[in-house]
2 protein chains.
Amino acid sequence: MVARMHHSASPRKGRTGRPRSVETDHAILHATRAALVDLGWGGLTMSEVAARAGVAKTTLYRRWANKNELVVDAVAVLFDELELPDRGCLQADIEGVVLQFGALLARPETKTALMAVVAESTTDEALRERIRSAIVDRQKRLVQLGRSRAQERGELPADTPGEEGARTAARTMDLIFDVIAGAIVHRTLVSGEPVDAAWGRDFTALFLTGLAGLGDGEPG
Amino acid sequence: MVARMHHSASPRKGRTGRPRSVETDHAILHATRAALVDLGWGGLTMSEVAARAGVAKTTLYRRWANKNELVVDAVAVLFDELELPDRGCLQADIEGVVLQFGALLARPETKTALMAVVAESTTDEALRERIRSAIVDRQKRLVQLGRSRAQERGELPADTPGEEGARTAARTMDLIFDVIAGAIVHRTLVSGEPVDAAWGRDFTALFLTGLAGLGDGEPG
DNA sequence: CGAGTTACGCTACGGGTCGTAGCGTAAAAG
DNA sequence: CTTTTACGCTACGACCCGTAGCGTAACTCG
């Protein structure tokens, strides 16, 4: 993890000179999200963000090298909202996190920004790493938590001990994550349909029992 | 479906004047994909595409209003490759289409372009519609085909007749589509991992039998 | 307190892209 | 040959990018 000189790793206590204003940090990130809502990704400019934040454009470039990194940080904090309260059973936990993530993606700033930076990350390795540490890892924690919680309840088989078991467990985690997050993202952004309670039930049913077991449930 | 005057709806036989060159069409779309590979979405410019295609920049703007629409059309033809040969059983059919779609998304031009235009489409309704008709609908046809094929085999229950049954069938189709496509896209673009045979098997198992039935299969 | 150090605002700049207008020419239909 | 449309070329104003230079503000250390 290379500690760039960008943004606030920590105020570096033994540091001389005028410190960076954290208020300015927040103002910039907030202005970025607001501009994202109004203008979308393509219409977003550094000048616009600077103007909205009441800050000189040079101040932006002292903290972020380009638009991509700025937007990642601006959006990343939104993912802190994600939580996984214990709802008693695996099905309820999944439905809960699906609706949460769906609501997060329904917000115009995340909707617009997330796919754009992911697209850019395909040709920018540093950006990909920033996205991973700032966003993806936070989501994955939830998957891990939900899975181990279900294992404690006996709803899922415990991991096979040993190196091989750890590998398959990791693979399963990755698969689960891609399926859940991918479906929600695709539903929201590509299909353009809302992730509501009904869809959350349908998805969870498919996810838990598979395609074969689908449609055997209640009609409502 | 508003018929824009853009690109080639059809040569309009009873039309006077010099016709548009279809070679120029292809040259531009090909140049767009090539430039996308080399420069990525952010680095792509209309001037660059025009130069690569050996065409005046004005010719580009006579056919496409902006970068987004050009890229959608340039990438859309790649989705024509998708097919669904009958592999005998539902599981094999799914694994096949998963690998196909994964291979398509592994190509740098699709990888880079797809998410970018989807991101833009969140603030551009016309672009969204263009994506839907040019890309999404082609994929959805495969889902429909695979499902009805499985129903004929008796692997899936037939649709309930009547209006209500049609609605739930449509909902199920949408759900299936979002889950499959979403997982592949997420795996490829966000997680940055390949959609290979092993992952295809794992995903299909999860998709068919659900999370509960996962891990009971063969260890290899 | 003053010296050193860093952050900030402001202005200005070269370089690049955008999307369009204007014009002359090329290729089709009648 | 006339009409109509497509094409290439040039030029243009508008905008954004990212940086340099400079004066000032804020904080630390001696």
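What's counted below: heavy atoms across the whole structure, side chains too, no hydrogens, waters or symmetry copies. Order of the sequence lines sets the chain letters (A, B, ...), proteins ahead of strands, with each chain counted from 1.
- Contact annotation: the side chain of A:Arg201 approaches that of A:Glu95 to within less than 4.5 Å [non-hydrogen atoms, C-beta and beyond].
- No donor-acceptor pair under 3.5 Å is formed between the side chain of A:Glu193 and the backbone N or O of A:Thr188.
- Ion pairing between A:Asp178 and A:Lys140 fails under the 4.0 Å rule for side-chain N and carboxylate O.
- Summarising the geometry, the separation between CH2 on B:Trp64 and C1' on D:dA6 is reported as 14 Å, rounded to the nearest angstrom.
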Pick out the pairs of N or O atoms, protein on one side and nucleotides 19-21 of chain C on the other, that lie under 3.5 Å.
unit_1 : atom_1 : unit_2  : atom_2 : d
C:dG19 : OP2    : B:Tyr61 : OH     : 2.7
C:dG19 : N7     : B:Lys57 : NZ     : 3.3
C:dG19 : O6     : B:Lys57 : NZ     : 3.0

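- At whole-Å resolution of the value, CG in B:Leu39 and P in C:dG16 are 14 Å apart.
- Of the residues in residues 29-38 of chain B, not one comes within less than 4.0 Å of DNA chain D through any heavy atom.
- Comparing B:Arg18 and B:Thr45 along DNA chain C, the residue whose closest nucleotide (by nearest heavy atom) sits nearer the 5' end is B:Thr45.
- We find that CZ of B:Arg63 is positioned 16 Å from P of D:dT5, with the value rounded to whole Å.
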Enumerate, atom names and distances included, each donor-acceptor pair closer than 3.5 Å involving a side-chain atom of residues 28-41 of chain A, sequence neighbours excluded.
unit_1  : atom_1 : unit_2  : atom_2 : d
A:Thr32 : OG1    : A:Ile28 : O      : 2.7
A:Arg33 : NH1    : A:Ala74 : O      : 2.8
A:Asp38 : OD2    : A:Arg52 : NH1    : 3.0
A:Asp38 : OD2    : A:Arg52 : NH2    : 3.1

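- Dashed line: the shortest gap from a side-chain N or O of A:Thr59 to OP1 or OP2 of C:dG9 is under 4.0 Å.
- The pair B:Asp174-A:Arg187 does not count as a salt bridge, with every side-chain nitrogen at least 4.0 angstrom from each carboxylate oxygen.
- Residue A:Arg15 places no side-chain N or O under 4.0 Å from the OP1 or OP2 atom of D:dT28.
- C:dC10 atom P lies 13 Å from atom CG of A:Leu60, rounded to whole Å.
- Side chain of A:Thr16, nearest nucleotide from D:dC7, C:dA7, C:dT5: C:dT5.
- In this structure, B:Gly54 and A:Gly17 both approach DNA chain D, and ranking their closest nucleotides by distance from the 5' end singles out B:Gly54.
- Taking the side chain as every heavy atom from C-beta outward, B:Lys67 and B:Leu44 approach each other to under 4.5 Å.
- Ion pair B:Arg132/B:Asp137 not flagged as a salt bridge, since none of the NZ, NE, NH1 or NH2 atoms sits closer than 4.0 Å to an Asp/Glu carboxylate oxygen.
- Rounded to whole angstrom, the span from the CD atom of B:Glu23 across to the P atom of D:dA6 amounts to 16 Å.
- Classification of B:Arg149 and B:Asp93 as a salt-bridged pair holds, one side-chain N sitting under 4.0 Å from a carboxylate O.
- In this entry the distance linking CG of A:Leu44 with P of D:dC16 reads 11 Å, nearest Å.
- Side-chain N/O atoms of B:Ser21 include none lying less than 4.0 angstrom from OP1 or OP2 on D:dA6.
- Between the P atom of D:dG18 and the CZ atom of A:Arg62 lies a distance of 15 Å, rounded to the nearest Å.
- For the pair B:Trp64 and B:Asn68, the minimum side-chain heavy-atom distance is 4.5 Å or more.
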